[in-house]
Amino acid sequence: EAGVAQSPRYKIIEKRQSVAFWCNPISGHATLYWYQQILGQGPKLLIQFQNNGVVDDSQLPKDRFSAERLKGVDSTLKIQPAKLEDSAVYLCASSFDLGEQFFGPGTRLTVL
Amino acid sequence: QKEVEQNSGPLSVPEGAIASLNCTYSDRVSQSFFWYRQYSGKSPELIMSIYSNGDKEDGRFTAQLNKASQYVSLLIRDSQPSDSATYLCAVSLSGNTPLVFGKGTRLSVIA
């Protein structure tokens, strides 16, 4: 069974630029999550999708972050404009049941 | 504010010893508990899940849950240098709800 796929793996941008990340969950997993992990911290939820609907986006900085999962499968997360403090690893995870979430390899974002 | 607390470490144990990692959580209604292992530069990897009070064993790993004390632990028996990583405790209210993570405990197994 293929795992969660993410791209790109690394991205370096200047502040105020925009960036987008892509995630393809494990086949059959209806629930998809985006987390942000800052160095030395545990992952923090940004947004949760159930199929193509948003379940929880309470911690998403909506003035600059957006996410979509139009067909209930893959998802994109966008940051526009980026700030220095957005430098982090962006992790996508998916789950089927029991709450066991499986993570993709992540995208390491550096904002200069 | 839901919180999950872990000692950041580093926790150093000799090869072959038992490593004991601890975690406390603030939200009393939490129902699902997980341990993830994260190697440097890699993403978290699920190693144990536990949902009811008591012990759950899987190979060299044992997870322990005490909901009354709001306490979760992970024991690693016969620790190996390959177990050196950061261990993240994660808690959720129920299935398919977001995980709240601790900051992780860095484990170093000395050969």
Side-chain angles (χ1 to χ4, degrees), chain A residues 1 3-10 21 23 25-26 28-51 53-60 67 72 88-110, chain B residues 1-10 21-27 29-52 56 58 61 63 65 72 74 85-106:
Chain A
E1 178 182 77
V4 177
Q6 288 189 248
S7 67
R9 293 294 309 278
Y10 305 92
F21 312 127
C23 171
I26 294 171
H29 283 196
T31 310
L32 184 149
Y33 309 81
W34 284 101
Y35 290 87
Q36 179 194 59
Q37 186 174 25
I38 292 172
L39 189 64
Q41 305 284 322
K44 185 187 81 170
L45 179 77
L46 292 173
I47 190 166
Q48 177 188 356
F49 291 95
Q50 180 77 18
N51 297 308
V54 175
V55 175
D56 185 346
D57 64 356
S58 58
Q59 299 181 78
L60 187 72
V89 177
Y90 291 84
L91 295 162
C92 180
S94 69
S95 66
F96 178 68
D97 61 8
L98 295 181
E100 292 186 341
Q101 297 181 23
F102 299 92
F103 285 83
T107 297
R108 184 176 300 274
L109 174 67
T110 302
Chain B
Q1 180 77 5
K2 304 179 181 67
E3 293 184 346
V4 176
E5 299 288 340
Q6 295 182 254
N7 187 322
S8 61
L21 304 162
N22 305 313
C23 169
T24 60
Y25 59 95
S26 64
D27 194 337
V29 300
S30 298
Q31 297 293 323
S32 304
F33 307 87
F34 307 90
W35 284 98
Y36 285 83
R37 178 175 62 200
Q38 187 170 31
Y39 292 113
S40 180
K42 301 295 185 183
S43 62
E45 174 192 8
L46 179 66
I47 54 172
M48 288 289 286
S49 57
I50 186 166
Y51 305 97
S52 54
K56 179 182 178 182
D58 184 0
F61 299 100
L65 173 61
V72 194
L74 179 70
T86 296
Y87 289 80
L88 297 162
C89 174
V91 174
S92 71
L93 291 178
S94 62
N96 286 343
T97 57
L99 296 174
V100 178
F101 283 87
K103 291 184 178 181
T105 297
R106 190 156 54 93

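Between A/Phe103 atom CZ and B/Tyr36 atom OH the span is 5.0 Å, to the nearest 0.5 Å.
Looking at A/Val4 and B/Ser43, their side chains never come closer than 4.5 Å, going by heavy atoms from C-beta outward.
The environment of CZ in B/Arg37 is crowded: more than 12 heavy-atom neighbours from other residues, nucleotides or ligands sit within 6.0 Å. At most 12 non-hydrogen atoms from other residues, nucleotides or ligands lie less than 6.0 angstrom from NZ of B/Lys103.
The choice from A/Gln41, A/Arg108, A/Gln101 that makes the most heavy-atom pairs within less than 4.5 Å of chain B is A/Gln101.
When all heavy atoms are compared, the tightest approach of B/Leu88 to A/Gly42 is CD2-CA, 4.2 Å.
Interface residue B/Gln38: only side-chain heavy atoms are found under 4.5 Å from chain A. In this structure, the portion of A/Thr31 lying under 4.5 Å from any heavy atom of chain B is its side chain and not its backbone. Heavy atoms closer than 4.5 Å to chain A are found in the side chain of B/Leu46, but not in its backbone. Interface remark: B/Thr97 contributes backbone atoms only to the contact with chain A (heavy atom separation under 4.5 Å).
Without hydrogens or angle criteria, A/Tyr33 side chain to B/Leu99 main chain gives no donor-acceptor distance under 3.5 Å.
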